[in-house]
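Just so it is clear, the structure is predicted and the values come from calculations on it, not from any experiment. Only this structure's heavy atoms are used, side chains among them; waters, hydrogens and symmetry mates stay out.
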Amino acid sequence: MAYLSDPSATFSVAVAAVLKKQLSGHGDYGVQDGCDILYSGENGVWTFDLSNFPQSLLFAKNGFLMASLVLDDHYEADVTQYQG
């Protein structure tokens, strides 16, 4: 059984415009407020709603996606055993 959350993204502008989600589907894991968990064979969807995003930034010429993921707490498992 997957533990998924899809909170609203937070928006900040420092050097660049940043949308961030802190996922918290399962409260007993994770450094901050929990994490989302997907087990083998499961899929998850996380959506970034841009309807409230500043219109001037929607026409940016460049952008990129960065995902920061933690595989799990099985330190003896080789990362080649994971798919992503």
Side-chain angles (χ1 to χ4, degrees):
M1 179 177 141
Y3 295 91
L4 299 178
S5 63
D6 193 16
S8 297
T10 58
F11 174 74
S12 64
V13 176
V15 177
V18 175
L19 285 172
K20 177 183 176 182
K21 287 190 176 201
Q22 178 64 38
L23 305 176
S24 58
H26 194 290
D28 291 337
Y29 290 92
V31 176
Q32 293 181 347
D33 298 325
C35 66
D36 282 10
I37 299 174
L38 291 173
Y39 294 102
S40 297
E42 295 179 335
N43 297 302
V45 175
W46 297 270
T47 305
F48 285 86
D49 179 8
L50 299 180
S51 62
N52 292 322
F53 200 68
Q55 293 295 313
S56 60
L57 296 176
L58 291 177
F59 299 102
K61 293 181 181 180
N62 297 308
F64 68 93
L65 172 69
M66 180 175 71
S68 176
L69 307 172
V70 176
L71 298 176
D72 63 22
D73 58 356
H74 297 283
Y75 302 108
E76 69 279 354
D78 191 85
V79 295
T80 58
Q81 294 178 341
Y82 297 90
Q83 295 178 351

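- Considering all non-hydrogen atoms of both residues, E42 and I37 come closest at OE1-O, 4.4 Å.
- With sequence neighbours left out, S5 forms a side chain to side chain contact (heavy atoms under 4.5 Å, CB included) with P7, L23, S24, D36.
- Summarising the geometry of K21 relative to W46, their closest heavy-atom pair is NZ-C, 4.4 Å, with the distance given to 0.1 Å.
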